[in-house]
Chemist: 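Sharing a structure below in structure tokens format, with a few things to ask.
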Amino acid sequence: MINKLKLAAGALLLSAVGFAQEVEYTEYDLDNGLHVILHQDNSAPVVTTSVMYHVGGKDREDGRTGFAHFFEHLLFEGTENIERGKWFEIVSSHGGNNNASTSQDRTYYYETFPSNNLELGLWMESERMMHPVIGQEGVDTQNEVVKEERRMRYDNSPYGNLLYAVQKNMFEKHPYKDPNVGYMEDLDAAKLDEFQAYFEKYYVPNNAVLVVAGDIDVKETKDMIEDYFGPIEAGEEVTRDYPKEEPITEAVHAEFYDSNIQIPMAITGYRTPEFGNKDSYVLNMISTYLSDGKSSKLYKKLVDEQNIALQVGAFNLEQEDYGMYLVYSLPQGETSLDSINTEIEEEITKLRNELISEKDFEKLQNKAENSYVNSNSSIAGIANSLARNYLLYDNTSLINEEIDIYRNITREDIKEVANKYLKPNQRVIIDYLPEEKEAE
């Protein structure tokens with residue numbers, strides 16, 4: 001009887017997962033090149049309007065880093081029809097919330113409103129695209145905001161420059177070598193006309209995707225989108241030709257100093273393939289295997305059993321041109337960084353030489369499926385997935401198909417990918433150290 005109940009519960013779970021995976025959508029282009037994706041879900045009176053622009057930290061000239069992140073802030077300043085400083089007030093007073101984020105590859109803005117304010121969300125995003133006020137006062141204000149953010153999140157935060165420490169040692173030519181937030185001296189030196197030219201180049205309809213998801217009527221929504229976004233003129237086609245990196249064939253050893261820490265950190269990085277590549281999905285599963293939860297291989301070994309680490313983690317940072325696979329650990333007591341790295345390499349060597357157990361593999365598949373379902377469990381999450389899959393992966397249908405990629409990964413794939421990308425001679429090994437204080 002118990003086994004029958006377990007089977008029934010499993011069938012219900014699989015049924016629920018299958019149902020959650022199927023996201024219906026409509027997509028089309030406006031005459032100005034703006035790609036539009038609509039997802040109708042009338043189960044709750046909520047709607048998300050979002051715009052993702054194909055511009056990120058890597059889109060810059062030498063000496064002018066950080067522009068995309070700067071614009072994440074600047075484009076909340078106001079427009080010809082939205083008074084300066086009133087953007088967030090308008091959203092909150094109409095029962096909504098909003099946010100924005102910038103990566104090395106894209107910038108994303110969204111609002112979530114009660115569905116009776118759909119038109120307001122469309123108008124605000126069309127205003128951001130068509131009528132932003134890019135003036136000296138706003139630039140000066142946001143320059144100070146970005147400086148404060150950099151101080152809080154990076155320069156004055158323990159281990160805040162972890163990612164930058166890896167980037168600068170993993171890339172020599174590609175703009176991924178520089179931090180997404182940029183260098184403050186570059187923003188200080190930039191002139192107003194440079195900011196205006198940057199907007200005109202990248203924040204155009206043919207370099208963006210608009211997603212509307214939630215409690216909508218598709219025909220009415222299409223009409224509103226045409227009214228608000230149709231009149232915006234297309235820009236010049238954005239072309240990119242970033243330099244290629246030579247493969248890493250000998251381990252790179254480097255040190256990076258942080259005045260905000262007392263405990264050093266061992267960091268190992270590997271250059272990996274672009275997102276969308278099947279190998280990148282395999283690397284996500286390897287991250288889960290190594291460090292997701294207290295039963296993961298590295299945590300169990302270094303923290304629980306050997307008691308030589310306070311913390312350990314591994315993650316695959318997926319990006320458009322190259323990915324980065326990172327493993328990091330904080331040593332316990334007098335444990336050296338070299339000994340930590342040796343123990344980590346021992347586990348990665350096992351991945352290269354042996355198939356993981358069937359039990360561990362089944363756990364990985366379950367976690368991948370749960371993560372996939374959770375990412376599309378809200379209207380805002382679905383909007384983000386649709387935008388990302390179209391703009392960066394060039395495949396909107398991934399929202400329904402991505403789980404099949406994980407389901408088709410085998411234990412042999414894990415071994416093969418570990419051999420392909422996670423070899424000792426392909427590593428960047430960084431000792432992330434406390435900065436020595438000068439003697440008074």
Side-chain angles (χ1 to χ4, degrees), residues 25-40 46-56 68 71-102 106-134 138 142 198-218 220-235 379-388 390-391:
Y25 59 88
T26 300
E27 59 182 332
Y28 62 98
D29 290 322
L30 298 185
D31 291 342
N32 57 18
L34 178 66
H35 192 74
V36 180
I37 305 174
L38 305 179
H39 165 64
Q40 182 176 357
V46 175
V47 63
T48 293
T49 58
S50 67
V51 177
M52 185 176 286
Y53 293 91
H54 198 175
V55 57
F71 267 89
E72 176 197 323
H73 294 268
L74 186 62
L75 292 185
F76 282 104
E77 271 286 303
T79 75
E80 293 177 11
N81 298 299
I82 298 177
E83 186 180 344
R84 183 170 182 264
K86 293 293 185 180
W87 187 285
F88 296 102
E89 181 181 320
I90 292 172
V91 172
S92 61
S93 66
H94 288 82
N97 63 77
N98 67 166
N99 212 334
S101 63
T102 310
R106 97 293 180 270
T107 304
Y108 186 59
Y109 301 91
Y110 75 91
E111 294 83 32
T112 298
F113 280 114
S115 52
N116 61 346
N117 284 316
L118 166 61
E119 189 168 6
L120 174 63
L122 292 173
W123 173 70
M124 294 183 77
E125 286 302 332
S126 69
E127 278 289 301
R128 196 198 306 269
M129 188 181 293
M130 183 163 51
H131 294 137
V133 175
I134 302 174
Q142 295 307 320
Y198 193 84
F199 176 85
E200 291 172 4
K201 179 176 181 178
Y202 291 107
Y203 297 84
V204 291
N206 47 306
N207 195 46
V209 55
L210 166 69
V211 178
V212 183
D215 184 24
I216 63 172
D217 177 276
V218 171
E220 290 178 359
T221 304
K222 284 184 175 182
D223 290 342
M224 284 189 279
I225 289 171
E226 182 62 42
D227 289 342
Y228 287 114
F229 290 89
I232 304 175
E233 294 184 7
I379 291 299
I382 288 172
N384 192 333
S385 293
L386 287 168
R388 181 183 67 250
Y390 167 76
L391 193 78

Chemist: Output the distance between atom CH2 (Trp87) and atom CD1 (Ile82), rounded to the nearest 0.5 Å.
Modeler: 4.5 Å
Chemist: For residues 115-125, which residue pairs pass the side chain to side chain donor-acceptor pair (under 3.5 Å) check, not counting sequence neighbours?
Modeler: Ser115-Asp215, Glu119-Tyr228, Glu125-Arg128
Chemist: Apply side-chain contact (heavy atoms from CB on, under 4.5 Å) to the pair Tyr203 and Val55, showing each step before the final yes or no.
Modeler: CA-CA 8 Å; Tyr203 297 84; Val55 57; 3.7 Å; yes
Chemist: Quick one: does Leu120's side chain get under 4.5 Å of Ile90's, heavy atoms only?
Modeler: yes
Chemist: Does the side chain of Thr49 come within less than 4.5 Å of Met124's, by heavy atoms?
Modeler: no
Chemist: Taking atom CG of Leu210 and atom OH of Tyr109, what is their separation to the nearest 0.5 Å?
Modeler: 14.5 Å
Chemist: Are any of the side-chain heavy atoms of Phe71 and Thr107 separated by less than 4.5 Å?
Modeler: no
Chemist: Which residues pass the salt bridge (Lys or Arg N to Asp or Glu O under 4.0 Å) test with Asp223, sequence neighbours left out?
Modeler: Lys219
Chemist: Does the side chain of Ile216 come within less than 4.5 Å of Glu220's, by heavy atoms?
Modeler: no
Chemist: Scan residues 74-88 for pairs that pass salt bridge (charged side-chain N to carboxylate O under 4.0 Å, His left out), counting only residues two or more places apart or in two chains.
Modeler: Glu77-Arg84, Arg84-Glu137, Lys86-Glu89
Chemist: Can you run down the salt bridge (charged side-chain N to carboxylate O under 4.0 Å, His left out) pairs that involve residues 201-212, sequence neighbours left out, and say none if there aren't any?
Modeler: none
Chemist: How many angstroms lie between atom NZ of Lys222 and atom OG1 of Thr26, to the nearest 0.5 angstrom?
Modeler: 6.0 Å
Chemist: Identify the two heavy atoms, one from Gly230 and one from Leu30, that lie closest to each other, and give their separation to 0.1 Å.
Modeler: N-CD1, 4.0 Å
Chemist: Is a donor on one side and an acceptor on the other found under 3.5 Å between the side chain of Asn206 and the backbone of Ala234?
Modeler: no
Chemist: Flag the pair Arg106 / Ser101 as yes when at least one side-chain heavy-atom distance between them is below 4.5 Å, and no otherwise.
Modeler: yes
Chemist: Less than 6.0 Å separating the ring centroids of Tyr53 and Tyr202?
Modeler: no
Chemist: What residues form a side-chain hydrogen bond (donor to acceptor under 3.5 Å, both in side chains) with Tyr108, not counting sequence neighbours?
Modeler: Ser50
Chemist: Within the distance-only criterion (no hydrogens, no angle test), does the side chain of Glu127 pair as donor or acceptor with the backbone N or O of Thr79 below 3.5 angstrom?
Modeler: no
Chemist: Find out whether Met224 and Val212 are in side-chain contact, i.e. whether some heavy atom of one side chain is under 4.5 Å from a heavy atom of the other.
Modeler: no
Chemist: Side-chain contact, heavy-atom cut-off 4.5 Å: Ile225 with Leu122?
Modeler: yes
Chemist: Would you give the length of the straight line joining atom CD1 of Ile37 to atom CD1 of Ile382, rounded to the nearest 0.5 angstrom?
Modeler: 12.5 Å
Chemist: What class does the angle between the rings of Tyr390 and His35 fall in, given that below 30° is parallel, 30 to 60° is tilted and above 60° is perpendicular?
Modeler: parallel
Chemist: Can you tell me how far CG of Asn97 sits from OG1 of Thr112, rounded to the nearest 0.5 angstrom?
Modeler: 5.0 Å
Chemist: If we only count heavy atoms from C-beta on, is the Asn98 to Phe113 side-chain gap below 4.5 Å?
Modeler: no
Chemist: State the CZ-CE distance between Phe229 and Met130, to the nearest 0.5 angstrom.
Modeler: 8.5 Å
Chemist: Partners of Thr221 by side-chain hydrogen bond (donor to acceptor under 3.5 Å, both in side chains), sequence neighbours excluded?
Modeler: none
